[in-house]
Each structure stands twice: as C-alpha cells, then as structure tokens.
Amino acid sequence: MSPRWVPSKGAGGKSTGVEGAGGGDGDRLPARRPTGRRLPGRRLLARHPLARFLLRRTATAVLLALGVTLVTFILTNLVPGDPAAANLGQRAIGDPAIVAQFRHHYGLDKPLPVQYVTYLGNLLHGDLGESQQSHQPVSTDLSTAVPATLELAGAAIVVSLIVGVAFGVVAALRRDRFTDQLLRVVSLLGVSVPTFWLALLAFYVFFYRLGWAPGSGRLDPGMTAPPDVTGLYTVDAALAGQWPVFWSAAGHLALPALVLTAYTVGLLTRFTRSAVLEVLNQDYVRAARAKGLPGRTVLFQYVLRAALVPVITVAGLAFGALLSGTVLVESIFAWPGLGAYAYRSATTLDLPAVMGVGLVVGLVYLTVNLAVDVLYGVIDPRVRVQ
Amino acid sequence: MTDGDSVDVLRISGLTLDLGGRRILGGVDLALRPGQVHGLAGESGSGKTMTGLAALGLLPPGARTGGRIELEGTDLLTLPARQLAALRGRSVSMVFQDPSTSLHPMLSIGHQLTDHLRHHLKLDRKAAKERAAELLTQVRIPNPREALGRYPHQFSGGMRQRIAIAIALACEPKVLIADEPTTALDVTVQAGVLRLLRGLCDDLGLAVLLVTHDLGVMSAIADEVSVMRHGLVVETGPRGRVLTEPQHAYTRQLLDALPGRSTV
C-alpha cells in the first residue's frame with residue numbers, strides 16, 4: 001500500500017500545510033515528463049497527466065484488492081473453528097452426510113489453494129460467493145449494507161468537518177484564552193470517550209428517558225424503504241418526494257451519526273487548531289494584513305486555504321475509519337450496515353462474507369485516499385499537474 | 001527634519017516601542033518625502049523592521065508604542081483600528097523581504113493583485129483585472145494577462161518580488177515601506193529590482209522607506225540615509241554626506257565593514 005497513507009505530514013501536528021503539500025515527491029500527481037516519442041495510443045495519457053494518474057491508481061487498486069483477498073483468506077482459514085459447525089444447527093452437525101454436503105456446496109472440501117483460485121476466478125466475474133449465513137450472494141448483502149454505512153458515515157463526516165473546523169479555527173484565534181481551553185477539554189473528551197459507551201448513553205438518555213430519538217433501525221416500524229436509487233434512505237426519500245419517509249430516516253440517522261461525530265470532531269478540532277496557528281505565522285498572512293484586507297477575507301481566503309491541506313488528510317483517514325469501523329455503534333443502534341454485517345460474518349466464520357467485507361474496506365480506503373490526493377491538487381496549485 | 005516640513009508625507013517623531021518589557025525603539029525620528037528614497041540602515045535587531053511595521057500598525061500583539069507617526073498630519077498610532085485598516089495597503093503599503101513566503105502559494109497572482117484593489121477602490125472584477133495587468137506591465141512582467149492566472153511558484157525570485165511590488169503599488173499609495181526587498185534575491189537580479197523601485201519612486205512620486213542592512217544597496221538608490229543602532233537613529237542626512245563623511249562612529253564602523261571600502 002502507498003506509504004503516503006501514513007499521515008506523516010498531516011498527522012504530525014506540526015505540518016505547515018504549505019511545505020507539507022509542496023515538498024512531496026512521491027507518486028503524487030506526476031509532473032510532466034518530456035515525451036520524446038509519441039505513440040498514437042499514448043497521446044491521451046501524455047496530454048492528460050490526470051488520466052495517467054487515475055489509471056495508475058486503478059492498477060494499484062487491483063493489486064491491493066488481490067492482496068486483501070489473500071490476507072483475508074489466510075487469516076480466516078487460520079482461525080480455529082469450523083464454518084460447518086458455526087453455520088449448521090445442533091442436529092445437522094451430528095449428521096455426517098449434511099456436513100459433507102455443506103462442505104461440498106461451499107467448496108470447503110477442496111484444498112485451500114484451489115479454494116483461493118476458485119474465489120479469484122469468480123471474483124473476475126463480479127461473483128463474491130454466497131454467504132453461508134444469509135444464503136444470499138455476498139454482493140447482494142453488501143449492496144444494502146454498504147449504502148447504510150455510507151449514509152451514517154457520510155452524515156457523521158459532514159457534521160464533523162463543519163463543527164471540527166469551526167472549533168479549531170476559533171480555538172486558534174482565541175489561543176490560550178478561555179474559549180481555547182474550553183474547546184481543548186471538549187475535543188479531548190470527544191477523542192477519549194469510548195464510542196460504544198457514548199452510544200449506549202445516548203440511546204438511554206435520548207430514546208429511553210427523553211423519548212426524543214426514534215428507536216433503532218433505519219426507519220420507523222411499518223414504514224417501507226423508499227425506491228432504491230442510491231441506497232441512502234434520506235436521499236432516496238427526498239428524490240421520491242416521500243417526506244414522511246425522509247423525516248423518519250433522518251430522525252433515525254441523527255443519533256448514531258452524532259455519536260460517531262464525537263471522536264472526529266475532537267480530532268479535527270485539534271488538527272485545525274494547530275494548522276491554523278502554523279499558517280497565522282506565515283509571511284503571506286502578514287502581507288495580506290498589510291494590504292488592509294478585512295480580517296474575514298484574510299481568514300477565509302488566506303489562512304483557511306493553506307490550513308485545510310493537513311485537515312483534509314486527517315478527515316480522509318477519519319472518513320475511512322468511519323466507513324469501516326462503526327461495528328459497535330451499528331450493533332447498538334441495530335443499523336444494518338457494513339459493521340454489523342462484518343461482525344455477524346466474522347462470528348459465524350462466513351468466509352465469503354468476510355472476504356467481501358475486506359475487499360470493500362480496502363477499496364473504501366483506496367477511494368478516500370484518491371479523493372484526498374485529487375483534493376490536494378484542487379487546493380494547492382503546486383501539487384497540480386501543469 | 002529638514003527645511004520644507006510641509007512636504008513630509010510621513011513623519012515619525014519620538015517613536016518608542018516596548019515589547020514584552022523590553023524597549024525596542026527608544027525615540028525614532030524619520031521623515032519621508034514624496035519622490036525620495038529614504039534608506040534605513042543598521043545591524044539586525046537595531047529596530048529597522050519594527051519601525052517599518054509600526055508605520056503600518058502591524059506590530060506584534062502586546063506591543064506598546066509612544067510618540068507619533070503622522071501620515072499627512074494624521075497620527076497613525078492613535079487612529080482607530082478601522083480607519084487604520086482603511087489606510088493600510090491604500091496609503092501606506094509594504095514589500096516584504098522574501099517573496100517566496102510573502103506571496104500566498106495557493107492563490108493566483110491575479111487574485112492577490114486584485115483583492116485589495118476591489119476592497120479599497122471598490123473596483124469591479126473586470127476593472128480590477130485591467131488595473132492588475134497594467135501593474136504587471138509597469139513592473140515588467142512579460143505576458144501580464146497570462147501571468148494573472150499563474151501562481152507564485154511559476155515565477156523566479158526576482159519576478160516574484162516584482163509582483164510583490166506591483167501588489168504594494170496597486171492602490172497608488174503615498175508611502176512604500178520596503179523591508180530588505182533584495183536580501184532574499186540572487187545578486188544578479190538585485191540591481192534590477194532596485195532600479196525598478198527607484199524608477200517607480202521617481203515616476204509616481206512615492207515616498208519610499210528602504211530598510212536594509214546593505215550599505216551597497218543604500219548607496220545605489222537612496223536619497224537620504226538614516227543609520228539605526230539599539231533602537232535609536234544615530235545619524236541622518238543626504239546619502240553623499242552620510243556615506244562619505246560619516247559623523248557617527250557607528251556609521252564609520254558599518255562603512256569599514258564594506259568590502260572594497262577604500263573607493264566609496
């Protein structure tokens with residue numbers, strides 16, 4: 001995997017945002033290379049370095065996916081335990097004929113290398129195998145679980161970015177004053193409170209005690225899901241104009257999403273604060289003040305722009321973590337997402353499902369990474385392709 | 001300072017500055033006249049830069065000032081923040097030492113040349129762009145229209161400083177404070193930037209305060225020279241006199257430190 005993923009610059013807390021983005025000479029957007037000979041097929045790539053960049057990233061994605069399947073396959077088979085025992089009932093497990101049939105059906109009677117190669121062959125056709133637990137194609141399971149998590153994590157990251165960046169900017173501008181100290185405590189709490197505990201507490205207070213929040217799940221009981229377009233219930237309901245469904249979905253989304261924001265708000269507040277402080281010391285900010293620009297303009301156009309580079313790195317990582325690591329919150333709120341699915345598959349040794357989850361998580365990180373790199377180019381012209 | 005007090009556009013008198021309990025400036029007197037370059041020399045830490053920043057009201061937080069800084073009769077030190085901000089970049093502007101850090105690396109040249117134009121002079125986007133291209137021509141940037149869409153890292157150091165000068169001149173200020181404008185540049189482009197400053201000073205009737213520790217730079221373009229040491233101006237006078245017949249021992253010391261000094 002690309003080493004740049006390690007937030008060496010952004011997460012160091014001491015990044016200038018400016019040097020951090022400009023100094024990189026890894027496989028960032030490639031600089032234009034003099035092309036001596038011009039092959040006709042390569043002309044597009046030569047003229048569009050962005051296309052070349054995306055193409056290379058896609059190739060990396062394929063390699064990464066291969067690695068993920070291999071590692072997941074090995075790990076799942078290393079775990080002591082028998083998928084047949086985990087999935088068949090008490091009575092069935094006593095019947096050797098049923099066990100043999102189960103093993104044969106899922107190809108478990110074949111040698112491991114053969115199993116792996118078979119899996120890869122099917123994967124080429126988009127076939128992720130059949131879940132031993134739900135008896136459905138894994139791709140079908142994932143197609144409902146992934147949008148559910150995407151909706152939850154998406155709502156959480158949007159709120160976190162708005163609140164976290166605002167908190168961080170205010171803390172930096174009020175450095176060492178009361179507001180800064182207060183926000184320091186708030187962000188420290190957000191980062192250190194265990195999410196599952198916060199989820200239980202929030203559920204108890206806002207659902208059980210106060211009755212403000214609706215119960216678990218994605219919709220009120222008896223309500224049917226909106227027509228499937230994106231899989232995000234709020235968006236689909238709004239697209240279909242089903243406003244009662246929209247409000248129900250939004251209501252169910254609010255509490256788990258807010259619980260998830262606690263950590264990321266804390267994280268983003270700290271990073272934004274240090275990034276803004278760093279930028280405030282830069283000459284170009286003093287120069288902007290010397291031009292007599294209003295404080296608002298200096299803050300939004302000169303300071304924030306530079307400070308956002310490290311913030312986006314962290315936000316990308318946080319989003320990846322939200323998409324793949326909401327297991328506890330999803331089980332507490334009975335949210336039928338990727339985390340809940342991963343948990344169930346892992347505990348039942350549902351090999352195809354576990355591999356499917358692994359693949360999705362790998363691709364999630366890769367996509368977020370790619371988006372972050374493209375965003376660097378949008379923010380910082382020095383990273384941009386000439 | 002001299003005869004014709006009435007023509008002084010910026011007059012600093014008895015300026016004191018305390019920062020964190022330390023006295024940085026101990027009563028500085030300076031007068032700038034239109035169309036003249038006033039050189040401010042002295043070693044690092046002598047208070048040259050702080051004097052320049054004080055004239056823009058850009059001193060670090062916690063700084064305490066005394067004395068007067070008068071811009072055409074208005075005392076900048078007692079002016080409310082709002083009115084001071086209106087003068088900053090409009091009547092008094094500044095060129096910083098290192099153009100590779102004083103230009104925002106992620107904003108286009110056009111953006112940085114026009115935002116204060118639009119703020120101070122209320123120009124619309126198109127008029128501001130026209131003016132920006134004109135300014136780039138004035139500081140001799142080739143293909144000014146195309147340059148507006150480019151970013152600082154796409155220019156050489158000397159060009160960047162020319163752009164910084166264009167930004168400072170955009171709103172037609174009366175006073176330009178240039179803080180070591182050539183120190184960060186290659187020797188080969190220093191002369192060009194100095195010649196540009198001198199020319200703009202003559203053509204536009206600018207009053208320039210040239211802060212530098214380089215007496216060579218000073219002798220090349222300054223009309224008047226002041227020498228600072230430990231927060232005080234120890235000597236002021238026309239360039240010819242200060243550099244050839246220094247009255248103060250410290251000025252002599254500085255001159256002796258110049259290479260090839262025998263022929264000054």
Side-chain angles (χ1 to χ4, degrees), chain A residues 15-25 28-29 31-32 172-177 275 277-312 375-386, chain B residues 49 52-53 55-61 81-109 111-121 149-154 160 163-164 167-171 173 176-179 184:
Chain A
S15 151
T16 64
V18 185
E19 310 303 329
D25 53 356
R28 232 170 253 288
L29 297 184
R32 185 163 55 187
L173 294 180
R174 298 259 167 254
R175 182 184 194 173
D176 294 335
R177 290 196 237 164
L277 282 179
E278 189 90 26
V279 174
L280 281 176
N281 276 329
Q282 298 287 327
D283 260 6
Y284 53 76
V285 173
R286 202 168 59 161
R289 293 211 178 100
K291 284 159 79 177
L293 293 174
R296 212 169 356 104
T297 312
V298 175
L299 179 65
F300 284 105
Q301 293 182 9
Y302 284 74
V303 177
L304 265 188
R305 181 151 192 145
L308 277 184
V309 174
V311 172
I312 279 178
L375 273 179
Y376 280 152
V378 172
I379 295 177
D380 191 343
R382 291 169 301 176
V383 187
R384 208 174 293 164
V385 183
Q386 305 274 317
Chain B
T49 297
L53 288 176
L56 277 145
L58 279 180
L59 292 168
R82 244 196 130 95
Q83 292 174 40
L84 186 63
L87 290 176
R88 209 183 276 152
R90 171 80 180 87
S91 300
V92 186
S93 60
M94 183 148 183
V95 174
F96 291 85
Q97 177 170 348
D98 186 353
S100 62
T101 59
S102 69
L103 294 175
H104 198 297
M106 307 173 196
L107 296 176
S108 70
I109 300 302
H111 184 121
Q112 301 191 59
L113 255 170
T114 54
D115 55 0
H116 58 316
L117 265 176
R118 299 181 62 188
H119 173 71
H120 286 305
L121 306 182
R150 292 164 69 189
Y151 293 87
H153 71 280
Q154 295 167 311
R160 279 185 216 151
I163 291 165
I167 291 173
L169 294 179
C171 299
L176 177 70
I177 292 158
D179 185 6

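Naming convention: chains lettered A, B, ... in sequence-line order (proteins, then strands); numbering from 1 in each chain.
Other residues, nucleotides and ligands place no more than 12 heavy atoms under 6.0 Å from the CZ atom of A/R174.
Closest approach of B/Y151 and A/P381 over heavy atoms only: CD2-CG, 3.1 Å. Here the closest non-hydrogen pair linking A/A290 and B/M94 is CB-CB, 4.4 Å. Of all the heavy atoms in B/H120 and A/K291, the pair that sits closest is NE2-O, 2.8 Å. Nearest heavy atom pair, residue A/R286 against residue B/L58, reads O-CD1, 4.0 Å.
Atom OH of residue A/Y284 and atom OG1 of residue B/T101 lie 9.5 Å apart, to the nearest 0.5 angstrom. Interatomic distance, A/D380 CG to B/H153 NE2, rounded to the nearest 0.5 Å: 8.0 Å. B/D115 CG to A/L293 CG: the interatomic distance, rounded to the nearest 0.5 Å, is 4.5 Å.
Only the side chain of B/L53 has a heavy atom closer than 4.5 Å to any heavy atom of chain A. Within the 4.5 angstrom heavy-atom criterion, no atom of B/L87 approaches chain A.
Legend: ring-ring contact (aromatic ring centres under 6.0 Å, His included) pairs involving residues 288-309 of chain A, not counting sequence neighbours, sorted by first then second residue: A/Y302-B/H104.
Applying the side chain to side chain donor-acceptor pair (under 3.5 Å) criterion to A/Q301, with sequence neighbours excluded, gives B/H111.
Among B/Q112, B/R90, B/R150, B/Q97, the residue making the largest number of heavy-atom pairs under 4.5 Å with chain A is B/Q112.
Annotation: side chain of B/H119 is not in contact with side chain of A/T297 (no heavy-atom distance under 4.5 Å).
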